[in-house]
Amino acid sequence: MRWICATLGRGFSLVNISSAIFDCSAPDLDSCPDESLPEFAFIGRSNVGKSSLLNVLAGERGMARVSPRPGFTRLINIFTMNKCWRLVDLPGYGFTHGARKDRARFNEAVANYLEHRTNLCLVFVLLDSGLTPQEIDLEFVQWLVRRAVPFVLVFTKTDKVSPASVQTNIAAFTNRVSAWFEKLPAVFTCSADIGQGRQELLAVIDEQMAAINAVSSRARLPAESRTLQTPLRAHPKRRPDLNRPW
Ligand code: GDP
């Protein structure tokens, strides 16, 4: 597995996106491209503002489609950014037409991707800053914690409600999840409408890429590279329970 980005040198910053190339829309894990590049995945409840945020991050309108209705895209959409890393647009969860009641409320392809994709570096879990903690978001975060999938929390649409409400909703959410961690995951806020949070989120990717390249420059990265410890990694309290919820 080659992780070193040829164009990455000392001081190189990924904060500027110079290219965003669509790779594929994968219906399942097996259809995803090879694992030669680090991947950063974005996921949230349908309508959380994921497509809008991805377009803002990439600086290219239309990179990820802004959905006309919730649950529109069910495929794993993969883009190569700056020829160095991949941005992975995961299907929104929360819409379970046809799913059995005892199944997790996000699709199996997503679960497989999150559990088994070895080049997955970090998941950006998007949450609507205008809402009190939603059970499905809590359920999803707990699922990630139990599988030790590294993630950060990103509260979207901050322009829609007052800053005080945003802070109240963030505090309510982090209070609900705090028992699951020794160290809480990093929390970010953003608004696609006013472009807030773009630099901070890209800086997270920049930081992760720098950490990966520091390791890669010393030695070939081991297969279990996703366990790379970074400052952003949350530390789950409990031993992951690897039983699938379905
Ligand atoms: P997705 O289903 O998670 O991909 O969500 P979309 O990006 O398609 O957005 C869902 C709806 O929320 C659309 O009507 C967007 O215009 C709106 N939206 C997305 N981001 C923002 C934001 O930052 N602020 C506001 N006010 N609306 C947003």
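Each ligand, and each atom within it, is numbered from 1 in the order the structure gives. Start at 1 with the first residue, then count along the sequence. Remember, it's a predicted structure, so these values are computed and weren't measured experimentally.
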**Asked** Once the angle between the rings of F42 and F124 is folded into 0 to 90°, is it parallel (under 30°), tilted (30 to 60°) or perpendicular (over 60°)?
**Response** parallel
**Message:** Salt bridge check, E35 against R86: does any charged N sit closer than 4.0 Å to a carboxylate O?
**Reply:** no
**Item:** Test of proximity, C190 against ligand 1: N or O pairs below 3.5 Å
**Value:** no
**Message:** Between D34 and R117 (salt bridge meaning N to carboxylate O under 4.0 Å), is one present in this structure?
**Reply:** no
**Contacting atoms of ligand 1, where contact means under 4.0 angstrom from a heavy atom of D159** = 22 (C), 23 (O), 24 (N), 25 (C), 26 (N)
**Asked** Considering Q196, K160, K157, K50, which one's heavy-atom position lies nearest to atom 3 (O) of ligand 1?
**Response** K50
**Asked** Can you list the ligand 1 atoms lying under 4.0 Å from a non-hydrogen atom of D193?
**Response** 21 (C), 22 (C), 23 (O), 24 (N), 25 (C), 26 (N), 27 (N), 28 (C)
**Prompt:** What are the atoms of ligand 1, with element, lying closer than 4.0 Å to any heavy atom of N47?
**Reply:** 1 (P), 2 (O), 3 (O), 5 (O), 10 (C), 11 (C)
**Message:** Under a 4.0 Å threshold between the charged nitrogen and the carboxylate oxygen, would R45 count as salt-bridged to D137?
**Reply:** yes
**Request:** Give a yes or no on whether the ring-centroid distance for F188 and F155 is below 6.0 angstrom.
**Result:** no
**Subset of ligand 1 atoms that lie under 4.0 Å from at least one heavy atom of V48** = 3 (O)
